[in-house]
Amino acid sequence: MVDKKVRVRFAPSPTGDLHVGNIRTALFDWAYARHTGGTFIFRIEDTDTTRVTDEYIAAAIDTLRWLGLQWDEGPEVGGEYGPYQQSQRLDIYAHWAQKFLDQKDAYYCFCTAGELEARREAQRAANVAPGYDGQCRDLSEDHIAAFRSEGRLPVIRMRMPDGQTTFVDQIRGEVSFDHKFVPDFVLVRGDGSPLYTLAVAVDDVLMKVTHVLRGEDLLSSTPRQIRVYQAMGLTEDGYPTFAHLPFVMGQDNTKLSKRNGEVSVNWYREAGFLPEAICNYLALLGWSPGEDRENVTMQELTELFTVERVHSSPAKFDMKKLEAINGDKIRALTLDEFLGWALPFLKNADVIEGSEEEIAMVKAALPIIQERITKLSEIPAMLKFLFVKDFAIEEDSIAKVSDEASKAVLARSLGELTPLEEWTHSSIEAALRSSLIQEMGLKPRVAFGSVRIAVTGSTISPPLFESMELLGKSASLARIAGALAL
Ligand code: GLU
């Protein structure tokens, strides 16, 4: 299908927040579409209505938009081959299921869950590969009528012929499945609702999808999908090209899941990771831009992304690396961009309400923390000393400023700073260095540590002298005096 214009789809079944693995797939689909000048389709696979909710669908849309993975066809955007939500396409799947029945590619199966289980048990006991044994494959009309009169609701099953399915996966090379291990499978449930295997294959054909890039966990469903393509009349040159992306593993080398790591993309969003950092980092999970590069922009990703550079071996999720990349992306922000990201975090943490005055102060303070933070969620704790109404030293830092040595430092600082006429970080630094370090002979960590706690209330703060300049002379002196009085 190489000559056709590329059409790739991201087709999640949102049964919760989209997770890191979903987004890695979405990102590769998006990047592949952008790299080739193709179309990025977003399709919601919600035929399993017991697990996919409207709320999760709305959240998935929001997450993709937030990440900047804009789709060309899909929910809210529309497109020539819509609707792009499977629950709105049920008549289409019913039509094809009926056609497969008529063609004798599929058949009604009346076996009950209990009967199937009993026979599977027998298969296990006999050491036979478990799976549907074909019992209803060739039922006579009379037999079907008898089952119906018993009130049994049939499923529709696809007939898997003997033989094997072989296809070339762009990442894994030639892959073969012996049909001994791909038994006849259900297309439509007893209640008439379609299963994933039917819906996904029908949609990929009708939406003219040329490339299916998706997680490795779906590799084993491919022969069933190919069977559906065949029943729809496609020949091999009409199948989409498959590329199954490697698993994402946790630090413990098992597949990344809720058990061994944070998987929800929303968690990363709330923890203060930038979308560009998430995308940059996820791009490295299974793909590499070459030349040992780790930092890529979204633009570069679209320029450099090729499936040839996707590895087949599993990728390991490394939070430290994600944090490092996030720090880099934060440092690369312009001041106005940084301000835009910082304000919601400060408001949500009730550090500011959002007045013009507060925003001006935030803007003045951001440059001094831009080099220091790795996550936006660190901002409120770093800057709250500038905004608190009832300033108080953090409980566990009080002891660090109430001993005799600290009191001496604070008293001397107050004495040196009170007459300062110019209140800038360099004049503050010069005054404190000459008195505390040179004259009192203290180590900078000890001397400035006490002043830091007195002024900011915490051991963690932006650079001290800049912080004091921003806070202003009278507040700074009042806080030092306050600490002295503890
Ligand atoms: N809807 C499927 C899932 O979320 C993926 C479909 C596909 O990419 O083929 O697992």
Side-chain angles (χ1 to χ4, degrees), residues 6-33 38-53 56-57 59-61 63-64 69 71 73-75 81 83-90 92-93 165 167 169-172 175 177 182 185-187 189 193-229 232 234 239-248 255-258 263-265 282 286 307 310:
V6 166
R7 291 176 58 81
V8 282
R9 86 305 192 272
F10 171 54
S13 304
T15 54
D17 282 343
L18 290 186
H19 58 75
V20 165
N22 295 133
I23 293 303
R24 200 266 315 253
T25 300
L27 180 68
F28 285 22
D29 282 320
W30 173 85
Y32 189 60
T39 302
F40 177 45
I41 304 162
F42 176 26
R43 182 172 74 223
I44 305 277
E45 305 215 320
D46 60 342
T47 53
D48 184 352
T49 47
T50 54
R51 298 175 62 223
V52 182
T53 64
Y56 291 138
I57 293 172
I61 291 174
T63 300
L64 277 199
L69 304 180
W71 52 99
E73 291 176 25
Y81 303 95
Y84 293 88
Q85 188 168 337
Q86 290 186 331
S87 58
Q88 295 167 16
R89 303 173 60 81
L90 298 179
I92 299 175
Y93 312 129
T165 298
F167 61 94
D169 182 283
Q170 272 190 302
I171 296 168
R172 262 141 248 283
V175 186
F177 288 89
V182 190
F185 56 94
V186 179
L187 296 169
R189 297 182 187 89
S193 60
L195 267 99
Y196 158 72
T197 321
L198 172 65
V200 75
V202 165
D203 284 350
D204 284 345
V205 173
L206 299 185
M207 295 180 183
K208 300 202 169 12
V209 168
T210 60
H211 292 75
V212 172
L213 276 69
R214 60 180 180 183
E216 189 179 334
D217 49 332
L218 293 161
L219 182 63
S220 62
S221 69
T222 311
R224 291 192 286 271
Q225 277 153 248
I226 289 180
R227 177 72 186 99
V228 177
Y229 301 155
M232 290 177 82
L234 260 64
Y239 304 165
T241 304
F242 287 93
H244 287 90
L245 309 172
F247 280 125
V248 180
K255 200 178 158 208
L256 188 68
S257 69
K258 275 193 189 133
V263 289
S264 149
V265 175
L282 292 184
V307 179
V310 178

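As the structure lists them, so they are numbered: ligands from 1, and atoms in each ligand from 1. In this chain, residues are counted from 1 in sequence order. Nothing here was measured: the structure is a model prediction, and the numbers come from that model.
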Worksheet entry | Any Q225 heavy atom less than 4.0 Å from ligand 1 | no

Item to complete: Compute the minimum heavy-atom distance from F10 to ligand 1 and say whether it is under 4.0 Å.
Response: no

Worksheet, complete the sentence: For atom 8 (O) of ligand 1, the closest protein heavy atom turns out to be R9 NH1, 2.8 Å

Response to the item:
When distances are taken from atom 5 (C) of ligand 1, the protein heavy atom at minimum range is A11 O, 3.3 Å

Discussion item. Does either side chain, that of R214 or that of T222, offer a donor lying less than 3.5 Å from an acceptor on the other one?
Written reply: yes

Practice prompt. Assess the side chains of Y93 and D203: does a donor N or O sit below 3.5 Å from an acceptor N or O?
Written response: yes

Worksheet item: What atoms of ligand 1 come within less than 4.0 Å of a heavy atom belonging to V200?
Response: 9 (O)

Discussion item. Please check: side-chain N/O of R224 versus main-chain N/O of V182, any donor-acceptor pairing under 3.5 Å?
Written reply: no

Discussion item. Using ring centroids (six-membered ring only for Trp), state whether F167 and F242 fall under 6.0 Å.
Written reply: yes

Discussion item. Applying a heavy-atom cut-off of 4.0 Å, say which part of L218 lies close to ligand 1: side chain, backbone, both or neither.
Written reply: side chain

Discussion item. Quick check on contacts: which atoms of ligand 1 are under 4.0 angstrom from a heavy atom of P12?
Written reply: 1 (N), 4 (O)

Worksheet item: What protein heavy atom is closest to atom 3 (C) of ligand 1, reported as residue, atom name and distance in Å?
Response: S13 OG, 3.8 Å

Worksheet entry | Sole residue of D17, T63, V20 in side chain to side chain contact (heavy atoms under 4.5 Å, CB included) with S264 | D17

Discussion item. With a 3.5 Å distance limit and no angle check, can you tell me whether R189 reaches the backbone of P194 through a side-chain donor-acceptor pair?
Written reply: yes

